[in-house]
Every structure is written in C-alpha cells, then in structure tokens.
Q: 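Quick one: the structure is below, and I'll ask about it shortly.
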Amino acid sequence: MHALSHGSTSTPTTIAVPPALSLPVIEAAFPRQLHPYWPKLQRETRAWLLEKRLMTPEKVESHADGLCYTDLMAGYYIGAPDEVLQAIADYSAWFFVWDDRHDRDIVHGRPDAWRRLKDLLHNALDRPGDHLGHQDPVVAGLADSVQRLYAFLPDTFNARFARHFHAVIEAYDREFHNRTEGIVPTVEEYLELRRLTFAHRIWTDLLEPSAGYELPDAVRKNPAYRKPALLSQEFAAWYNDLCSLPKEIAGNEVHNLGISLVTHEGMTLEEAIADVRRRVEKCISEFLDAEQEALRFADRLDDGTVGGKETSAAVRACVGNMRNWFSSVYWFHHESGRYRVDSWDDRSTPPYVNNATEGEK
C-alpha cells in the first residue's frame with residue numbers, strides 16, 4: 001500500500017506497517033485523501049509553531065515535518081476552506097505540544113505548574129483575546145488558535161466547542177492525578193476518560209466549520225449521526241493505544257486500554273493486545289453499517305426546502321470526513337516520528353519534547 005509521504009512533496013512512498021498493527025480493511029476499503037492545501041498548510045503550521053515559541057527552531061527544523069501533524073488534519077477535513085483547515089491544523093499542533101507538556105509535568109513532578117497551566121487554559125478558552133500575549137507559549141498558542149476557530153460559525157457553536165474543551169482540560173487533570181498516584185483506571189473508567197482526553201467531541205465539532213455549516217441540535221444528536229461519529233473517534237483512540245503501548249509501558253504509564261485490561265481483567269500482555277485489536281476491528285465493521293444509515297438520514301433531511309438541502313449536504317460532508325479519519329489516523333501512526341520508539345535513545349521520551357519548566361518560572 002502506498003501512503004503519502006510527509007516530506008515537502010506529495011510523492012508517494014511505501015510505508016511498511018508492522019504485521020501486528022496492519023489493518024488490511026483500512027488499506028483496501030478506506031482510500032486515503034489529502035487536502036490540496038496540504039503543502040502550504042505544512043509550511044504555515046511550521047512557521048506558526050516558531051512564531052508562537054511552541055517549539056524551538058532546532059526542534060522545528062529536525063522534527064516538525066516528520067511528526068506529520070498537518071498530514072493528519074489534511075487527511076481528515078477534506079473540503080474545508082483553506083483558512084479553516086489552517087486554524088484546525090495549528091490547533092491540532094498546539095494540542096500535541098500541550099499533551100507533551102502535560103506528560104513532562106507529570107514525569108518531572110510539577111503539580112503546581114500543571115494546576116496553574118490548567119487554570120490559565122480554562123481562562124484562555126473563554127477569553128482568548130485577553131491571552132494572546134501571555135508569556136507561556138502554551139497559553140498564548142491556545143488563545144490564538146481558538147480565537148481563529150471562533151471566527152467561522154455562530155456563537156452557539158463557539159459556546160459548544162468551549163464547553164467540550166473545558167471538559168477535556170478537566171479530563172487531563174484527572175489523568176494527571178491517576179498517573180501521579182499510579183492509579184490504573186478500570187476498563188470502563190478508562191473508556192469514559194479516554195473519550196475526553198482524546199477529545200472525541202472536539203474533532204467531531206470541527207467537522208462543522210469544515211463543512212461551513214452549524215448542524216442543528218436535532219441533527220447532531222440523532223443516533224444516525226452520533227453513532228458513526230463516535231465509532232470514528234473510538235477507532236482512533238484505541239488504535240492509538242495499540243500503537244503507543246510500547247512507549248507507554250516504557251514510561252510506566254497507567255493510561256492505555258491495554259494496561260487497564262492487563263491490570264483489571266487479568267489478561268496477559270499478548271491477550272490485551274489482541275483484545276484492543278478486536279475492538280479496533282469492530283469499530284471499522286460497525287462504522288461501515290452506521291455510515292450507510294447516516295447517509296440515508298442525510299437523504300431524509302433533504303425535504304425539498306433550501307434549509308433541508310443545505311443540512312443534508314452538510315451531514316454528507318461530515319460523514320464523508322468521518323470515513324477519512326480512519327485512513328488518516330491509520331497512516332499517521334506509521335509515518336509520524338511520534339511513534340517510532342525503537343529509534344529513540346529512551347523509549348519513554350520522544351526526542352522532540354522540551355523539558356523546560358515554563359510553568360515553574
């Protein structure tokens with residue numbers, strides 16, 4: 001299978017997928033797409049990371065392209081206006097940097113720094129304009145990316161996005177506590193928390209500005225729409241757990257579905273890996289059925305009115321991108337330097353993270 005490269009051109013290169021992580025159904029039934037804006041997207045996000053001081057020039061030069069953050073978003077939000085995709089890609093890059101900061105605050109025992117950052121992020125989410133010049137790059141970066149995201153749809157969408165991301169920040173706080181205390185959540189506790197730390201609702205929300213249309217509550221909350229949306233995100237979260245398990249075991253992590261299965265269900269590591277893989281494969285098969293129901297739902301929404309036609313088209317665009325999430329996530333995990341743990345000096349510590357204690361200054 002040819003996957004698009006993460007270099008400065010779109011020349012395909014062959015990516016070798018380890019057999020334990022190979023999903024032939026994704027390679028066969030989910031053709032990969034890439035937004036035509038991607039080459040410029042990559043350059044602009046690289047420049048944004050530098051401008052916002054989210055990565056040092058050396059880290060950007062050595063790792064930014066190889067991390068493939070823009071590839072992930074450019075493979076998902078197909079059809080988005082260029083400026084929307086750029087704002088989403090910058091926000092996504094910020095999210096990965098924030099995730100690394102959270103990890104470093106845990107590893108280096110910086111609870112006070114984490115609590116200060118958490119409170120600042122809540123404030124920046126509600127009042128981004130007040131935090132654009134904040135001395136902490138993670139705070140300023142969120143403020144900048146969120147302020148841009150808030151420009152595309154009405155305030156009702158912005159309030160929903162903020163509500164969903166406030167919940168994500170609090171979920172990261174619960175993960176901080178679990179990891180600091182060495183608490184491995186039960187499988188059910190983990191699945192509930194993972195839906196928040198992976199920001200399921202956020203990435204689903206952002207399908208709407210990509211489609212240029214805020215979906216009515218009755219449409220978003222309809223099971224025909226919610227089910228494929230959830231399955232696309234569950235696939236991504238659990239496949240991530242499968243791919244990141246070596247790194248997280250090396251780092252004495254407690255937040256991984258495989259680790260919860262071993263700890264609380266009495267499975268061997270091999271059994272847990274097989275169980276996570278079964279869950280991943282089930283997401284794919286169930287999505288294929290749910291996708292068809294969602295498209296039938298979109299057909300029913302087209303009632304001959306202008307509004308009905310617009311809503312139907314927006315749902316079709318969103319469901320199409322739910323499908324794109326499968327291939328984009330799959331190839332991202334095999335192209336991104338974020339998961340090549342065997343090439344790191346320390347399998348628990350990525351070479352691109354910044355260990356500086358900004359929050360303690």
Side-chain angles (χ1 to χ4, degrees), residues 44-56 59-60 64 69-70 72-73 77 83-106 108 110-177 193 195-206 208-210 214 353-361:
E44 293 294 323
T45 295
R46 190 192 308 131
W48 185 78
L49 287 167
L50 277 172
E51 177 192 345
K52 298 302 173 185
R53 299 178 293 115
L54 288 163
M55 277 186 169
T56 65
K59 299 288 188 186
V60 168
Y69 297 158
T70 56
L72 179 63
M73 295 297 111
Y77 297 102
E83 63 273 19
V84 173
L85 183 60
Q86 187 66 66
I88 292 173
D90 291 350
Y91 170 74
S92 171
W94 171 86
F95 202 115
F96 281 111
V97 172
W98 173 53
D99 185 74
D100 291 331
R101 170 79 163 272
H102 175 258
D103 178 71
R104 294 297 89 189
D105 280 348
I106 293 167
H108 293 287
R110 304 193 293 245
D112 292 343
W114 164 251
R115 280 192 290 270
R116 282 196 295 273
L117 177 61
K118 175 177 72 79
D119 292 344
L120 284 165
L121 294 179
H122 279 305
N123 293 335
L125 184 60
D126 287 334
R127 295 180 296 280
D130 295 343
H131 295 79
L132 295 173
H134 198 279
Q135 63 180 0
D136 188 330
V138 173
V139 177
L142 176 65
D144 179 82
S145 58
V146 164
Q147 181 165 268
R148 289 154 60 203
L149 289 171
Y150 285 173
F152 302 122
L153 289 179
D155 288 345
T156 46
F157 172 87
N158 299 340
R160 184 198 341 147
F161 180 94
R163 185 171 66 252
H164 289 165
F165 197 65
H166 280 305
V168 172
I169 296 169
E170 286 303 306
Y172 263 69
D173 190 52
R174 293 201 295 277
E175 180 178 336
F176 190 101
H177 172 75
L193 188 57
R195 291 182 181 117
L196 290 167
T197 59
F198 198 82
H200 283 24
R201 287 181 171 179
I202 291 296
W203 307 119
T204 301
D205 285 342
L206 291 173
E208 294 171 56
S210 298
E214 182 185 16
V353 299
N354 185 352
N355 282 316
T357 56
E358 292 96 334
E360 298 286 9
K361 292 177 181 176

Q: Between CG of Asn158 and OH of Tyr150, what distance do you get to the nearest 0.5 Å?
A: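 Reported to 0.5 Å precision, the distance equals 6.0 Å.
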Q: Are the aromatic rings of Phe161 and Tyr91 close, with centres under 6.0 Å apart?
A: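 When the ring centroids of Phe161 and Tyr91 are compared, they turn out to be within the sub-6.0 Å range.
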Q: Got a second to check how far Leu120's CG is from His131's NE2, nearest 0.5 Å?
A: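 Interatomic distance, Leu120 CG to His131 NE2, rounded to 0.5 Å: 6.0 Å.
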Q: Kindly indicate whether the side chain of His166, heavy atoms from C-beta on, has any atom under 4.5 Å from the side chain of Asp126.
A: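 Answer yes - side chains close enough.
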Q: Which distance, rounded to the nearest 0.5 Å, do you find between the CZ of Arg110 and the CZ of Arg116?
A: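 Result: 10.5 Å between the selected atoms.
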Q: Does the pair Asp144/Arg148 count as a salt bridge with the N-to-O cut at 4.0 Å?
A: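 Judged by the 4.0 Å cut-off on N to carboxylate O distance, Asp144 and Arg148 do form a salt bridge.
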Q: Asp90 side chain to Ser145 main-chain N or O, any donor-acceptor pair under 3.5 Å?
A: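 No; zero donor-acceptor contacts below 3.5 Å.
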Q: Hey, is the main chain of Leu153 close enough, under 3.5 Å, to the side chain of Glu214 for a donor-acceptor pair?
A: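 Not a single qualifying donor-acceptor pair exists.
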Q: With a 4.5 Å limit on heavy-atom distance, are the side chains of Trp98 and Leu117 in contact?
A: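 Yes. Closest side-chain heavy atoms under 4.5 Å.
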Q: What I'd like to find out is whether the side chain of Leu149 reaches to under 4.5 Å of the side chain of Leu206, using heavy atoms alone.
A: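 Touching, per the 4.5 Å side-chain cut-off.
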Q: Which value, rounded to the nearest 0.5 Å, describes the distance between Ser210 atom OG and Ile88 atom CD1?
A: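 The OG atom of Ser210 sits 3.5 Å away from the CD1 atom of Ile88.
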Q: So, for Ala93 and Thr45, which heavy atoms are closest and what is the spacing to 0.1 Å?
A: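 Looking at all heavy atoms of both residues, the closest pair is CB-CG2, 3.9 Å.
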Q: Do Val168 and Phe95 come close enough that some side-chain heavy atom pair is under 4.5 Å?
A: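 Yes, side chains in contact.
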Q: Can you tell me how far apart CZ (Arg53) and CG (Asp136) are? Round to the nearest 0.5 Å.
A: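 Between Arg53 CZ and Asp136 CG, I get 8.0 Å after rounding to 0.5 Å.
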Q: Do Trp94 and Tyr69 have side chains that get closer than 4.5 Å, going by heavy atoms?
A: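 No; the side chains remain at least 4.5 Å from each other.
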Q: Write down the atom of Leu132, the atom of Ala140, and the distance for their closest heavy-atom approach.
A: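 Taking Leu132 first and Ala140 second, the nearest heavy atoms are O-CB, 3.5 Å.
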Q: State, with a plain yes or no, whether a side-chain heavy atom of Arg46 is found less than 4.5 Å away from one of Met55.
A: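 Sidechains of Met55 and Arg46: no contact.
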Q: When rounded to the nearest 0.5 angstrom, what distance separates CH2 in Trp114 from CG in Leu121?
A: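 Between Trp114 CH2 and Leu121 CG, I get 6.5 Å after rounding to 0.5 Å.
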Q: Provide the closest heavy-atom pair for Gly141 versus Leu54 in the form atom of the first, atom of the second, distance.
A: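 Between these two residues, the closest heavy atoms are CA-CD1, 4.5 Å.
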Q: Looking at every heavy atom in both Ala89 and Thr70, which two are closest together, and how far apart are they?
A: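 Scanning both residues, the minimum pair turns out to be CB-CG2, 4.5 Å.
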Q: Give the minimum heavy-atom separation between His102 and Tyr172, together with the two atoms involved.
A: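 For His102 and Tyr172, the tightest heavy-atom pair comes out as NE2-O, 2.9 Å.
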Q: Nearest heavy-atom pair of Leu125 and Ile169: which atoms, and what distance?
A: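 The answer is CD2-CD1, 4.4 Å.
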Q: Looking only at atom types and distance, does a side-chain atom of His164 sit under 3.5 Å from a main-chain N or O of Asp205, one as donor and one as acceptor?
A: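 Between the backbone of Asp205 and the side chain of His164 there is no qualifying donor-acceptor contact (under 3.5 Å).
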